[in-house]
Protein chains: 2
Amino acid sequence: MNLEDAKIKYIQTWGSLATSWGINKTMAQVHALLLATNKALSADEIMEALKISRGNVNMNVRALIDWGIVRKEFVAGERKEFFVADKDIWELFKQVTKERKKREIEPVLKVLEELQNDVSEDSEDAEVFRKLMKDILSVTGMFNGLLEKAIKADEHWLLSNFTKLIKR
Amino acid sequence: MNLEDAKIKYIQTWGSLATSWGINKTMAQVHALLLATNKALSADEIMEALKISRGNVNMNVRALIDWGIVRKEFVAGERKEFFVADKDIWELFKQVTKERKKREIEPVLKVLEELQNDVSEDSEDAEVFRKLMKDILSVTGMFNGLLEKAIKADEHWLLSNFTKLIKR
DNA sequence: TTTTATTTTCAATAATTTTTGAAAGTTTAG
DNA sequence: CTAAACTTTCAAAAATTATTGAAAATAAAA
């Protein structure tokens with residue numbers, strides 16, 4: 001298979017995985033495109049490559065920058081902005097994990113903890129409820145812990161398998 | 001806070017977490033409701049509790065049964081079907097993880113592997129691409145491995161923290 | 001300053017996903 | 001068998017989410 005087709009297939013595949021995990025398809029595709037490209041791309045180039053509008057590119061690139069996984073790069077003599085995604089996927093994984101943990105999981109844990117404490121009723125039903133909260137907190141907490149461990153493992157651990165970032 | 005309000009808040013919270021992870025809100029809420037209820041519920045009771053239509057209940061309960069995390073239960077002398085979610089959240093976590101792994105992650109890994117092998121071109125770009133595939137496979141594979149480990153840890157490990165399933 | 005290039009915003013539109021509700025199907029009871 | 005109780009299906013409607021595109025804002029060049 002030639003490189004161009006492979007890139008397209010990879011971008012599609014990645015986009016559809018993203019979709020089923022609640023991540024905007026375009027966002028995943030922009031990111032995939034940047035990862036697969038050995039130079040910084042302008043908004044126009046992204047529009048062209050993915051056949052999407054300027055507004056869409058702008059919004060999604062900005063979101064990726066917010067996530068901290070894409071950055072602007074200035075190109076000498078060019079007025080336009082260019083964008084890069086660093087190719088160390090491990091970093092990306094860490095970033096995304098941290099962000100989602102903070103934004104989505106932790107607030108939920110907080111609510112569940114409050115609920116556990118706030119229900120002081122003495123019925124069997126209330127007991128069941130408190131136990132449920134406790135169990136959910138256990139599992140979610142364990143999951144959170146797993147992620148944290150993975151995040152901290154850095155440099156060591158499975159990292160040895162990684163192809164190091166190609167500096168540009 | 002009284003139990004009813006707490007249940008409602010919990011069901012809402014859980015539903016919104018589900019939404020941001022690409023899981024249907026109603027599905028998560030039906031499941032949350034069943035978990036928080038100390039008896040099997042009929043379709044009518046679910047409709048009433050969540051204020052949703054019969055069709056919606058039917059579809060989502062069926063989906064939950066497909067996931068293997070809700071089951072039908074027969075009640076003596078009743079013609080209706082009743083539904084229960086087992087309260088061992090650990091089991092649930094394992095089931096959901098296994099299912100999503102199988103349905104969503106593994107096919108993607110397969111595509112990426114193929115792409116890695118199929119691109120035989122010799123340019124620097126192709127090299128970058130192959131490295132990217134390798135890295136993505138590493139991370140995804142590691143993640144998969146983590147989940148697998150967690151799934152297998154069963155009985156031992158963090159499980160000791162769990163409130164055991166209340167048999168009904 | 002004015003002009004030109006570029007980015008950002010956001011209301012309108014399109015696409016997708018979810019939900020409804022009534023009709024069709026099924027099962028059980030009489 | 002027929003009627004009643006209940007479940008399933010699915011086309012249409014509603015809700016949500018993503019995308020466009022053109023106008024407004026910003027920044028750089030002339």
Please state how far atom CE in M47(A) lies from atom P in dT7(C), giving the value in whole angstrom units. 11 Å

Figure out the CZ/P separation between F82(A) and dT7(C), and round it to whole Å. 9 Å

Kindly give the heavy-atom pair with the smallest separation between L3(A) and A126(B), and that separation in Å. CD2-N, 3.6 Å

From CG of D44(A) over to P of dT7(C), roughly how many Å is that when rounded to an integer? 7 Å

Would you check if the side chain of N2(B) reaches a backbone N or O of E4(B) as a donor-acceptor pair within less than 3.5 Å? yes

Take E81(A) and N60(B), find for each the nucleotide of DNA chain C with the closest heavy atom, and name the residue whose nucleotide sits nearer the 5' end. E81(A)

For atom NZ of K25(A), decide whether the heavy atoms of other residues, nucleotides or ligands shown that lie under 6.0 angstrom number more than 12. no

Minimum heavy-atom separation for A63(B) to M27(B), with atom names? CB-SD, 4.0 Å

R130(B) side chain to V119(B) main-chain N or O, any donor-acceptor pair under 3.5 Å? yes

Could you tell me if the side chain of I52(B) sits less than 4.5 Å from the side chain of V57(B), heavy atoms only? yes

For atom CD of Q29(A) and atom P of dA18(D), their distance in whole Å: 13 Å

Grab the CD1-P distance between I46(A) and dT20(D) for me, whole Å please. 14 Å

Tell me whether E45(B) is salt-bridged to K80(B), with the criterion being a basic N under 4.0 Å from an acidic carboxylate O. no

Check whether any side-chain heavy atom of Y10(A) lies under 4.5 Å from a side-chain heavy atom of L132(B), and answer yes or no. yes

Rounded to the nearest 0.5 Å, what's the gap from CG on L50(B) to CG on L33(B)? Could you check? 5.0 Å

Check: L115(B) main-chain N/O paired with K9(A) side-chain donor or acceptor under 3.5 Å: no

Between dT18(C) and T26(B), is there an OP1 or OP2 to side-chain N/O distance shorter than 4.0 Å? no

Round to a whole Å and report the spacing from CD of E78(B) to P of dT7(D). 10 Å

Salt bridge check, K51(B) against E48(B): does any charged N sit closer than 4.0 Å to a carboxylate O? yes

I65(A) CD1 - dT7(C) C1' separation (whole Å): 12 Å

Atom pairs under 3.5 Å: protein N/O with N/O of nucleotides 9-13 of chain C:
from   : atom 1 : to     : atom 2 : distance (Å)
dT9(C) : OP2    : R62(A) : NH2    : 3.1

When rounded to whole Å, the CD to P distance for the pair E45(A) and dT7(C) reads 11 Å

For DNA chain C, whose closest nucleotide is more 5', that of K25(A) or that of K72(A)? K72(A)

Looking at DNA chain D, which of residues 12-20 of chain A put a heavy atom within less than 4.0 Å of it? none

What are the atom names and distances for every N/O pair under 3.5 Å that joins the protein to nucleotides 28-30 of chain C?
from    : atom 1 : to     : atom 2 : distance (Å)
dT28(C) : O2     : R79(B) : NH2    : 3.2

